[in-house]
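Lettering follows sequence order; numbering is per chain, from 1.
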Amino acid sequence: MEKHYYKDKVVITGIEHFDLKHTFECGQCFRWNEEEEGSYTGIAFGKIINVQREGEKIIFNNTNKEDFENIWVNYFDLTRDYGEIKEKICNDAMIEKAIHFGSGIRILNQELWETIISFIISSNNNIPRIKKSIEMICEGYGEYIGTYMGKKRYAFPDANKMKDLTVEQLKGCNTGYRAPYIIDTAKLFCSELFTIDLFKELDSETSIKELTRFSGVGPKVAHCINVFALGKRDAFPVDVWIKRIVEHLYFKEQTTPQKIQAFANEKFGINAGYAQQYLFYYARELNLGKERKS
DNA sequence: CAGCAGGTGCAAG
DNA sequence: CTTGCACCTGCT
C-alpha cells in the first residue's frame, strides 16, 4: 500500500480487499451514506470523511495526513492482511462462495460508545429505521461539526450527554421501547469509567459478560461490540440471517443459536468475526429470508 | 390485517 | 438453565 498526502485528502494505491459498497453496506455501520457520484460520506470520531474509488486509487477526502495516520488507518483496518485471513477461514466451497460475494469487506474499528448504542437500537429492528434513529439522535443531541456536500453534519453525542436525556426525548428519535435501555446504559457507562482500553484487555468471554450488564445488550449485541469496536475478531454475532445461512449451508436443518455459536468457534476460531461478515453479506445477497418462505 | 425486522428482558417451567 | 412472549414502529 502506498500513501500520498495532499492538503485536504489522502490517496492510497495498491490496496487489495477493499470495496466501498461491501464495507459500508454489510451492516456493520450505520452512519455511512452513498453520494450521487458513488463516493461514501461518513462521520466518526467527530470528523466528516468521504471515501471514493478511482480505478486502483482510494481517495479519502476532507482529511489530512495527521488524522489519516492517527485515526483512519486503524478505523479502516488498513494494516490487516485480509488475504491471509481469507486463506485461513476458507475451509470449504460454501464459505469460499460467501467470501467471493463480499470479497471487499473490511471490518471497521468503530468507537465503543457509539457502537454500544447503535447495536442496542439495532435489536429487533431494520437497517433503514436504525439509521434514521441514529441520525435523529445525532441531529438532536450531537455536536454540529460542519456542513459537507451541502448537508449539515453532527457528531454522535457522548455518554455524558445522553445520560441526561429523557425517555420521551429518545422515543422522539424513533427508538421505541429501547429508549429506557439507552438511558440506563448511558448512566452505567458514565458511572464506571468504561474505556475502550479497559475492554481491550479483557478476554472475549469476560468482555461479553461485562457488556451484557448494559441494558439492551444481550449475546448478539455483545458479540457485535466485541467485533466492531473492540477488535475481538473471534466474536461471532448470531442473528436471524446468520442462523438461516449457517443452517442452509451446513446444518441442513433448524438448530439453536447456541449450536451455531459453537459451530463457528470450532470452524473459524480467532477469525470467526470475519467469517460472520462474509456469511451475513452472502445471506442478504441470496435474500435467504424470502427464499425460505416460497 | 397479521407478520416480520441484526433481540432482549422478564416471568414461568 | 431453557422456553415463551411482549415490545416501538414502519413496511408488505
Open item on the list: Just the rounded figure in Å: distance from P of dC8(C) to CD1 of I120(A).
Closed with: 16 Å
- [ ] Give the rounded distance in Å between these two atoms: CG of N174(A) and C1' of dA5(B).
- [x] 14 Å
TODO: Would you tell me if any nitrogen or oxygen in the side chain of R244(A) comes within less than 4.0 Å of OP1 or OP2 on dA5(B)?
DONE: yes
Open item on the list: I need the CD1-C1' distance between I130(A) and dG10(C), as an integer number of Å.
Closed with: 13 Å
Task: Parallel, tilted or perpendicular, as decided by the 30° and 60° cut-offs, for the rings of F156(A) and W113(A) - done: perpendicular
Task: Side chain of N126(A) - closest among dC7(C), dT8(B), dA5(B) - done: dA5(B)
Open item on the list: Can you measure R178(A) atom CZ to dT9(C) atom P for me and round it to whole angstrom units?
Closed with: 9 Å
Open item on the list: Under 6.0 Å from the ring centre and within 45 degrees of the ring axis: does the NZ or CZ of K161(A) meet both conditions for the six-membered ring of Y141(A)?
Closed with: no
Open item on the list: Regarding Q258(A), tell me which of base, sugar-phosphate or nothing describes its non-hydrogen contacts under 4.0 Å with the strands shown.
Closed with: nothing
Open item on the list: Under 4.0 Å, heavy atoms only, any strand: does V238(A) hit a base, just the sugar-phosphate, or nothing?
Closed with: nothing
Task: Distance-only donor-acceptor test, R129(A) side-chain atoms vs dC8(C) base atoms, 3.5 Å - done: yes
Open item on the list: Suppose we call a contact any N or O donor and acceptor under 3.5 Å apart; does that hold for the side chain of Y181(A) and the base of dG7(B)?
Closed with: no
- [ ] To the nearest Å, give me how far apart CZ (F280(A)) and C1' (dG7(B)) are.
- [x] 13 Å
Task: Protein-nucleotide distance (I208(A), atom CD1; dT8(B), atom P), rounded to Å - done: 10 Å
- [ ] Would you indicate which nucleotide in dT8(B), dG10(C), dC8(C) comes nearest to any side-chain atom of K220(A)?
- [x] dT8(B)
Open item on the list: Just to be sure I understand the rule, does C173(A) reach a base, reach only the sugar-phosphate, or reach nothing, if contact means heavy atoms closer than 4.0 Å?
Closed with: nothing
Open item on the list: Which is more 5' along DNA chain B, the nucleotide nearest G216(A) or the one nearest Q28(A)? Just name the residue.
Closed with: Q28(A)
- [ ] Quick one: label P128(A) by what it contacts on the DNA or RNA (base, sugar-phosphate, nothing), any heavy atom closer than 4.0 Å.
- [x] nothing
Open item on the list: Between C1' on dT8(B) and CZ on R213(A), what's the gap in Å once rounded to a whole number?
Closed with: 17 Å
TODO: Rounded to whole angstrom, note down the P distance from dC8(C) over to dC10(B).
DONE: 13 Å
Task: Residue among Y278(A), F18(A), Y274(A) satisfying ring pair (Phe, Tyr, Trp, His ring centres under 6.0 Å) with Y82(A) - done: Y274(A)
Task: DNA chain C stem ranges, 3 or more consecutive Watson-Crick or G-U pairs under 3.5 angstrom - done: B:2-5 with C:9-12, B:7-13 with C:1-7
Open item on the list: I want to check a possible cation-pi pair here: K47(A) against F45(A), using under 6.0 Å from ring centre and within 45° of the ring axis as the test.
Closed with: no
Open item on the list: Once rounded to the nearest 0.5 Å, what's the spacing between atom NE2 of H22(A) and atom CZ of R106(A)?
Closed with: 13.5 Å
- [ ] Please work out whether the ring planes of F251(A) and F263(A) are parallel, tilted or perpendicular, with thresholds of 30° and 60°.
- [x] perpendicular
TODO: Determine the contact category for F30(A): base if any of its heavy atoms lies under 4.0 Å from a base atom, sugar-phosphate if only primed atoms, P, OP1 or OP2 are that close, otherwise nothing.
DONE: nothing
Open item on the list: Tell me whether the rings of F76(A) and F24(A) are parallel (<30°), tilted (30 to 60°) or perpendicular (>60°).
Closed with: perpendicular
Open item on the list: What is the separation between atom NZ on K132(A) and atom C1' on dC8(C), rounded to the nearest whole Å?
Closed with: 12 Å
Open item on the list: Between R31(A) and I134(A), does the side-chain contact (heavy atoms from CB on, under 4.5 Å) criterion hold? Intermediate values first, please.
Closed with: CA-CA 8 Å; R31(A) 298 205 70 198; I134(A) 292 171; 3.9 Å; yes
